[in-house]
Amino acid sequence: MSLDQSRRAEVVIDLHAIRYNVRLLAGRAADSGAATMAVVKADGYGHGALPVARAALDGGATWLGTCSLAEALDLRAAGITAPMLSWLDTPDVDFAPGIEQGVDISVSSLAELGRVATAASRVGRAARVHLKLDTGLARNGCHQADWPALVKAAAAEPYLDVVAIWSHLACADEPGHHSIDAQADRFHAGYALARDVGLNPLRHLANSAATLTRPDLHFDLVRPGIAIYGLNPVPQQEDLRPAMTFRSTVVLVKRIEAGESVSYGHTWTASRDTNVALVPAGYGDGVPRTLSNRMGVWLDGRRCPVVGRVCMDQIVVDCGDDVPELGAEVILFGTGTDGGPTAREWADTAGTIDYEIVTGMYRPRVVRTYLGAVAR
Ligand SMILES: *Cc1c(COP(=O)(O)O)cnc(C)c1O
């Protein structure tokens with residue numbers, strides 16, 4: 001371990017929490033007869049795709065979902081054999097390795113269907129595809145107007161095995177939003193059209209929010225992402241355990257006098273004599289600079305404000321009359337169970353969502369440590 005790999009800034013991933021969350025979600029899905037696909041795109045939302053995938057499979061997920069084919073192939077290369085779906089690539093991607101490795105491929109258009117079928121005939125093996133219907137998110141997926149042609153072409157294509165039809169919800173995190181039922185109606189209609197051309201596919205629609213709030217939309221498979229990491233996307237209380245803790249350590253403590261200002265731009269000035277602690281984590285490690293003077297850390301069993309600007313490599317914490325030990329642990333965000341800061345709190349203050357906070361925590365300089373790795 002090089003010096004720079006020291007624990008100046010460290011993300012700790014609790015895989016026990018991942019297993020716990022997946023067990024809870026897979027249990028809800030199983031109540032409706034659905035299987036669970038753990039979504040591990042973007043390096044497992046910043047938690048590490050491979051260890052998360054192993055923990056999720058251990059916790060009862062039977063499928064994995066990735067954005068790109070490359071993400072799926074990385075998991076295959078690491079020995080993960082579970083069914084896997086990848087859903088968003090560029091037009092120049094070569095699907096052949098995915099077909100050879102048994103990775104299911106999402107198809108949103110006739111053009112994409114053609115490219116997958118061509119790759120499959122070259123490989124000499126049918127590609128497993130999930131036809132994606134745009135039911136109202138207007139992002140990826142086949143527009144309803146083009147859907148009859150897509151299902152017809154898919155049914156006629158010998159080198160395609162249509163495993164599923166699927167779609168994605170726009171507003172599932174706002175339970176009761178009128179768009180949810182509207183999308184569900186279009187999904188039912190899209191399924192009927194697929195049946196009409198002789199297909200008998202699985203169906204999947206639910207992200208984390210719908211997995212938690214809409215058992216009627218579980219169909220054959222649910223696709224939770226954020227909730228497996230312990231972050232709750234819906235307003236109602238859920239028993240989820242945040243898996244990521246971001247921590248650092250006290251490297252310097254000093255007494256400053258009333259009237260002294262701290263950090264670049266002197267945006268904070270001590271109103272009394274106080275002890276400040278230097279913590280070697282900054283925006284180069286994932287602390288948003290926009291949280292300057294608007295965040296606190298957990299230190300010595302209490303919350304202390306970060307004062308002055310967040311710098312590239314460091315922040316300054318106001319400890320009042322306390323004198324923390326050099327090397328004392330500083331929690332920047334974590335489970336929040338003891339009253340400490342959370343990724344959600346960062347997101348709320350910074351004007352974003354906790355998805356972006358944790359996904360942005362993959363930094364070369366930040367050490368990632370795993371608790372509870374699956375023994376293999
Ligand atoms: C990211 C993603 C999910 C998971 O969404 P969460 O809100 O994190 O549960 C499910 N399906 C698709 C298509 C996605 O892109």
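Whatever order the structure lists ligands and atoms in, that order sets their numbers, starting from 1.
Cation-pi check for Arg241 over Tyr20 is met; the charged atom lies under 6.0 angstrom from the ring centroid and within 45 degrees of its normal.
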Could you give the side-chain donor-acceptor pairs of residues 27-38 under 3.5 Å, partners two or more places apart or in another chain?
unit_1: Arg28; atom_1: NH2; unit_2: Glu238; atom_2: OE1; d: 2.8
unit_1: Ser32; atom_1: OG; unit_2: His218; atom_2: ND1; d: 2.6

Report all N/O contacts between ligand 1 and the protein shorter than 3.5 Å as a table of atom names and distances to 0.1 Å; if there are none, say 'none'.
unit_1: ligand 1; atom_1: 7 (O); unit_2: Tyr355; atom_2: OH; d: 2.6
unit_1: ligand 1; atom_1: 8 (O); unit_2: Tyr45; atom_2: OH; d: 2.6
unit_1: ligand 1; atom_1: 8 (O); unit_2: Ile226; atom_2: N; d: 2.8
unit_1: ligand 1; atom_1: 9 (O); unit_2: Ser208; atom_2: N; d: 2.8
unit_1: ligand 1; atom_1: 9 (O); unit_2: Ser208; atom_2: OG; d: 2.5
unit_1: ligand 1; atom_1: 9 (O); unit_2: Gly225; atom_2: N; d: 2.9
unit_1: ligand 1; atom_1: 11 (N); unit_2: Arg223; atom_2: NE; d: 2.9
unit_1: ligand 1; atom_1: 11 (N); unit_2: Arg223; atom_2: NH2; d: 3.3
unit_1: ligand 1; atom_1: 15 (O); unit_2: Lys41; atom_2: NZ; d: 2.6

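Between Trp166 and Trp87, the ring planes lie tilted relative to each other; the angle falls in the 30° to 60° range.
When ring centroids are compared, His204 and Phe219 stay outside the 6.0 Å threshold.
Not counting sequence neighbours, the partners of Glu100 by the side chain to side chain contact (heavy atoms under 4.5 Å, CB included) test are Val123. With sequence neighbours excluded, the residues that form a salt bridge (charged side-chain N to carboxylate O under 4.0 Å, His left out) with Asp318 are Arg272.
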